[in-house]
Amino acid sequence: MNALLAMPVIIPLLGAALSLLGWRSRRIQRGLGVLTSVTLLVVSVLLLARVSRDGIQVTALGSWPAPFGIVLVADLFSAIMVCVASVTATAVVFYSLVSIDRRREAFGYYPLFSLLLMGVCGAFLTGDIFNLYVWFEVMLISSFVLLALGGEKPQFDSAIKYVTLNLISSAIFLAAIGMTYGLTGTLNMADLALKLPLAPQQGTVTAIAMLYLVAFGIKAAVFPLFFWLPASYHTPPVAVSAVFAGLLTKVGVYALIRVFTLLFIHDPAITHTVLMWIAGLTMLTGVLGAVAQNDFRRILSFHIISQIGYMIMGLGLYTRAALAASIFYIVHHIIVKTNLFLVSGVAKRLTGSYELKKMGGLYASYPWLAVLFMIPAMSLAGMPPLSGFFAKLGIISAGLAEEQYLLVAAAIVAGLLTLFSMTKIWGEAFWKPLPSDVEAPGAADLVAARRMMWPIAVLAAITVSLGFGAGWLYDLSTRAASQLIDRSEYIRAVLG
């Protein structure tokens, strides 16, 4: 058994279990939360280094060989995703030490956070389509409780919408799994990659692919299945919103990329053309929704939707360059979007509101916070030399190479409107004076805000480094894309 490959699942599970044993001690739970995320970060970096050096890593649980047993598989794409997930989780945990109140900590915030990480890492590493469903359910349960934790009425309203739509997604996913097994007699993804092209009813295979598209599309919040996201992500504590924004929808995007590069490539004229149309509409509807908002976190929530469109665009184009750009874009977006939500929490702490009309004066009073906002905001909008510029440039270049000019136009328009909405936040929250009826923050809030800015500064530094050092990440993303395009290495690693 490859112990390193199993560690990203075992570590958060062990952290959650130990936190439950230390339920009565707030200090133990906080310490275990930090220890779990930091250990996961170290292990994920080691795993990425091993996959980069030695190739795809596979371990069969219980010594049952594939395709009969459960396997964990780490190719470059999944190893990158585990690594960037652990980076953001570590930043959010340190942020949570200051921002999460004692009541939520007492009701299991840190063990729930660890269980959420276990589900995310399990989804990235599983080599079995049914176990992907299992990890999705682990994420759904833990994220639902985190969303409702605190018992406030807006949280319950959003949690009901969130869990209802995701349960529908799970039901569709389970139906697709049943049809897949009935058609092929296997659920191992490498084995499915061999057997699906040989199925006599290729029309049925396409229909099953569309079921997976709907199921994962709900979880990824693509057009027209995204309406649950802006109704829920602005209600929980900002640390919860940040980890949701950074990771949960990206698990849906990861699943879409995985199945539409490994399993369903038999008729790209249908499946991947549909994906391109979805990508364009997702970009435009998401960014238009953001422009219409006047709440800091609701603007950011709609931008999650818009940016998902760029990632799906690379999948729809289905070239090595496009997939490499999508992988680069996912890494960039996870870091940037998590950071913007963390910035919104500090702004709320200093002004008392997320409503832009009730905010102001942040640039004059807290210039360092303004700098830390501008870095991820301009990166999200695609301004050079930050990581978002290279991410958008890669996607647009791949679209031009495939002569998808309408899709490229949609990407450019979405980028310009993203810049507009970021300048809207800047003008209202940072540039204009603080409204006279808003009280200045107290000494405790100022101390807390300074402590909350440390993980924000780390993520901002990563964003800058990804911009100035974009070459190495693009090289890694290109190698990952090559593994996605050429499925033979994955199949050989799993099946021998």
Side-chain angles (χ1 to χ4, degrees), residues 6-44 72 81-82 84-126 131 133-152 155-156 158-159 162-163 166-167 170 232-233 235-248 250-251 334 338 341-342 345 452 455:
M7 283 297 106
V9 176
I10 294 173
I11 288 169
L13 176 61
L14 187 60
L18 292 175
S19 293
L20 291 174
L21 291 176
W23 182 269
R24 295 183 180 276
S25 173
R26 176 171 175 257
R27 180 176 296 178
I28 289 175
Q29 291 201 39
R30 288 159 64 92
L32 285 170
V34 171
L35 181 62
T36 298
S37 61
V38 172
T39 307
L40 179 62
L41 174 59
V42 173
V43 167
S44 66
L72 297 177
M81 295 299 290
V82 171
V84 72
S86 64
V87 170
T88 56
T90 302
V92 171
V93 163
F94 278 100
Y95 188 94
S96 300
L97 296 177
V98 184
S99 65
I100 296 296
D101 58 86
R102 289 176 176 266
R103 182 163 172 261
R104 287 184 171 88
E105 288 182 334
F107 280 94
Y109 171 80
Y110 291 104
L112 286 166
F113 190 91
S114 295
L115 288 174
L116 181 66
L117 283 182
M118 181 182 72
V120 169
C121 292
F124 290 149
L125 294 174
T126 185
N131 281 283
Y133 167 80
V134 172
W135 292 122
F136 270 29
E137 293 309 293
V138 172
M139 287 192 303
L140 177 59
I141 293 168
S142 53
S143 60
F144 170 68
V145 181
L146 282 171
L147 193 59
L149 198 64
E152 299 174 4
Q155 287 182 261
F156 280 126
S158 63
Y162 172 83
V163 77
N166 277 276
L167 284 175
S170 297
S232 58
Y233 274 25
T235 57
V238 71
V240 177
S241 296
V243 76
F244 282 16
L247 296 182
L248 291 194
K250 309 314 174 300
V251 180
I334 289 174
T338 301
F341 269 90
L342 298 183
M452 290 159 69

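Owing to the predicted nature of the structure, the values given are computational and were not obtained by experimental measurement. Positions are given from 1, in the same order as the sequence printed here.
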Looking only at heavy atoms, what is the nearest atom pair of [X] and [Y], with distance?
X	Y	answer
Pro236	Ser241	CG-OG, 3.4 Å
Ser96	Tyr109	OG-OH, 2.7 Å
Ser44	Val82	CB-CG1, 3.8 Å
Leu117	Ala89	CD2-CB, 3.4 Å
Ala123	Phe136	CB-CE1, 4.1 Å
Ile28	Gly22	CG2-CA, 4.2 Å

* Asked: After noting the C-alpha distance and the side-chain angles of Glu105 and Arg30, does the key distance pass the side-chain contact (heavy atoms from CB on, under 4.5 Å) rule?
  -> CA-CA 8 Å; Glu105 288 182 334; Arg30 288 159 64 92; 2.8 Å; yes
Reported [atom1]-to-[atom2] distance for the pair [X] and [Y], which is rounded to 0.5 angstrom:
X	Y	atom1	atom2	value
Leu147	Leu112	CG	CG	11.5 Å
Leu116	Leu248	CG	CG	5.5 Å
Leu115	Leu20	CG	CG	7.0 Å
Phe113	Ser143	CZ	OG	12.5 Å
Met7	Leu13	CE	CG	10.5 Å
Leu35	Ser114	CG	OG	9.5 Å

* Asked: Counting only heavy atoms not in Arg26, do more than 12 sit closer than 6.0 Å to its CZ atom?
  ->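 Buried by this count: over 12 neighbours within 6.0 Å.
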Is there a side-chain contact between [X] and [Y] in this structure, where contact means two heavy atoms from C-beta onward sitting under 4.5 Å apart?
X	Y	result
Val238	Tyr95	yes
Ile334	Met81	yes
Lys250	Leu247	no
Val120	Met139	yes
Phe94	Val38	yes
Leu167	Leu140	yes
Trp135	Leu125	no

Got a donor-acceptor contact below 3.5 angstrom from the [X] side chain to the [Y] backbone?
X	Y	result
Tyr110	Ser19	no
Arg104	Leu149	yes
Thr36	Pro12	no
Thr338	Val243	no
Thr126	Gly122	no

* Asked: Just one of Ile11, Thr39, Val42, Leu40 clears the side chain to side chain contact (heavy atoms under 4.5 Å, CB included) bar with Ser86, so which one?
  ->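 Of the listed residues Ile11, Thr39, Val42, Leu40, the side chain to side chain contact (heavy atoms under 4.5 Å, CB included) partner of Ser86 is Leu40.
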* Which word best sums up how the rings of Phe244 and Tyr162 line up, parallel for under 30°, tilted for 30 to 60°, or perpendicular for over 60°? ->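 Ring orientation of Phe244 relative to Tyr162: parallel.
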